[in-house]
Q: 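Okay, here's the structure, questions in a sec.
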Amino acid sequence: MGIPEDLVQQFRSVALQRLERIESSWASVLSSLDDEAAVLIHREIHTLKGESRLVGFTDVNMVCHKLEDLLEVARARGYAVDEDFDLAVNMALRFMAMLVRKKIGAQLQGIDLPGFIKQIDALLVDARAEQRMPRSTTGGMLAMLRKDAATVRVPSALRSRLAPIAIDSFVEYAATKGTRRDRLRVSWHSLRDLIGVQRAVIGAGQLAKHRANALTLARELGKELEVVFEIETAEVTTDMLAAIDAAVLHLVRNAVDHGIESPATRAAAGKHSVGKIHLTCGVRGDKLVVVVQDDGRGILIDEVVARAIELGLVAPNEAARDKWFDLVCRPGFTTRTEASDLSGRGVGLDVVRGAISNIGGTVSASTSNNAGTTWTVEVPLPELTIAGHVLRVQHVPFPLVIDEAWRLTETSPGAPVIDVALRLGLTEDAAGEPPRYLTNGKLTVGIVSDRAPQPAQARRLVAVAPPSFAEIVTLDTVEGLLIHPERMVTLAR
Amino acid sequence: MDLAIRDLDFEAKVELADPAHPRLELAGNADGAIVAHFAGLIVDLHTKLVESHARTITVDIRALEFMNAACFNVFVNWLGVITELPSDQRYRLDFDANPAILWQKRSLKTLACFATDLVGIGGS
């Protein structure tokens, strides 16, 4: 018995609507990595596959299967697909639309379903192989590095040197059309993943393990310990999180091992038998401040100096008491003649200071005999979000952002004029239109822009230090450049 | 009616002087910036071809380095419009492709699956 015609008609109508939704959602996923659209696509295709089977459109059902395979590959690539792939998905949708429209019982006149499936299969084979093997030399090497970006930590000095190159890479990618654009996108994204700002959250969840470790260690050492962690959540970079994590590891371990005394010693010194370590971590102004405080014996400065003399680090007659902090932070320094399994190995404080220094932070300490030691780690918080204005400039195929400190002002004929498109080499002709003048209170510049600046929040993507006049940011999901007009003017002089 | 597009790096040119051998030549990069113009050109060209009772048109894409999905969909739509014509008005799209440009081969082979009787691929 055949399928009732009205049911078939209903299927056709609904299926064509589904295909339209899938097509527009696919475009949305590719342009803005819209997660909801991605979910909708998978759901719609799955439903269409089931419905087509029910009404006997086996050809549609078959293409649905292939489309699902394509989308699975796309999803595995984070929807970073090339034009061939995009076209294949689009053609599969159009092919299905054609199959849905054809009259029931009509022959597939001129339609080569097996051939179409074969083409999709060939693309899938290549796409899957490509997932295993990078396809171009440049993109390939970077892609391989990119694959490891989550585990490879690029030194900050190298990152600083690569950042201006990343800007060139981004601009070239954004401005290029054609097949080269795909290759440039792979290169740019690989570079971005290697040196871009990797955000992380520091909070109780990330540092709690150190509290548990401290209590375990205290038990092993026969010490009684109370550990209090007060941690505010803050957005940091992954570098910062790693450095602070290392610092807390060593400082807490040192406090348990060196600072906190045994219950008997504490009792003899008139202290409570239970030692205390208090850690606070939070934002103070523009810094993240971590304080590790113990109420132990304190650092015996005379002992530190004596050991330093013994190790030949200071001269016997040198006034070295003021240098105690630098001495205890020297690689390999320990006041112990026999290393315990723990911090006595002389590895720790130098690591803390080095790690924190690498992210632009400082470590300081104060100590008091029999009252304990307080270590303070201060790290400048990265400005990850920038309140600014977005500009649109002719010939510049991405948004430009300027810090909100710049405001529109009246026409200033003597002010320097910045033509960003010209400056970036995106055009060879100076803009004919008059600039818009902006001032930050100290400097007034004219910027050639199609539209008046609009407020925007930009997220820093690749930070670039002066004298570079630009950084790479994202506005929602769109990548653009944050420009520093004052640097552009300085460089132009 | 000017059946031509001259963009920065894309060019489309139609030759209808010889009614028996109409040609569409595409060159450069066809991306999102020209898709609307390209679709408009194909609509106008289709009208001309139907009026002139053309049986085939040569689409020379040997110098077309790149065509994005949106532009290529114009070909798919074009083919769809041709298939809906009465059989005596239908005409073929004979593509003259560049074998050195890999996307052309793959995309055209897939396109031909929509209507094997209306798509020819030469040069590859």
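Just so you know, these numbers use all the heavy atoms, side chains as well, and skip hydrogens, waters and symmetry mates. Order of the sequence lines sets the chain letters (A, B, ...), proteins ahead of strands, with each chain counted from 1.
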Q: What part of A/Met91 is in contact with chain B, defined as an atom under 4.5 angstrom from a non-hydrogen atom: side chain, backbone, both or neither?
A: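 Contact with chain B is through both the backbone and side chain of A/Met91.
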Q: Of the options B/Ile57, B/Leu118, B/Thr83, which is the one that meets B/Trp78 in a side-chain contact (heavy atoms from CB on, under 4.5 Å)?
A: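 With B/Trp78 as partner, B/Ile57, B/Leu118, B/Thr83 yield a single side-chain contact (heavy atoms from CB on, under 4.5 Å), made by B/Ile57.
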Q: Output yes when B/Glu25 and B/Arg23 qualify as a salt bridge under the 4.0 Å nitrogen-oxygen rule, no when they do not.
A: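 Salt bridge present between B/Glu25 and B/Arg23.
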Q: Side chain from CB out, backbone as N, CA, C, O: work out which of these in A/Leu123 comes under 4.5 Å of a heavy atom of chain B, or both, or neither.
A: both
Q: B/Asp94 and B/Thr56: side-chain donor and acceptor closer than 3.5 Å?
A: yes
Q: So among A/Val100, A/Ile120, A/Ile117, which one has a side-chain contact (heavy atoms from CB on, under 4.5 Å) with A/Val63?
A: A/Ile117
Q: Identify which of B/Asn73, B/Asp117, B/Asn29, B/Val76 forms the greatest number of heavy-atom pairs closer than 4.5 Å to chain A.
A: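 Option with the top pair count is B/Asn73.
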Q: Heavy-atom pairs under 4.5 Å with chain A: which of B/Ala69, B/Gly28, B/Ala115, B/Cys113 has the most?
A: B/Cys113
Q: Return the option, out of B/Leu102, B/Ile101, B/Asn77, B/Val119, with the maximum number of heavy-atom pairs under 4.5 Å with chain A.
A: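 Option with the greatest count: B/Asn77.
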Q: Under 4.5 Å heavy-atom distance to chain B, tell me which part of A/Asp86 shows up: side chain, backbone, both or neither.
A: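 Both parts, backbone and side chain.
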Q: Please tell me whether B/Phe38 and B/Phe72 form a close aromatic pair, meaning their ring centres lie under 6.0 Å apart.
A: no
Q: Identify which of A/Phe85, A/Phe95, A/Phe116 forms the greatest number of heavy-atom pairs closer than 4.5 Å to chain B.
A: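 Between A/Phe85, A/Phe95, A/Phe116, the count favours A/Phe95.
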Q: Which answer fits B/Leu111, side chain, backbone, both or neither, if we ask what part of it has an atom under 4.5 Å from a heavy atom of chain A?
A: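 The answer is both parts of B/Leu111.
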Q: Mind telling me whether A/Tyr173 and A/Phe170 have parallel, tilted or perpendicular rings, with 30° and 60° as the class edges?
A: tilted
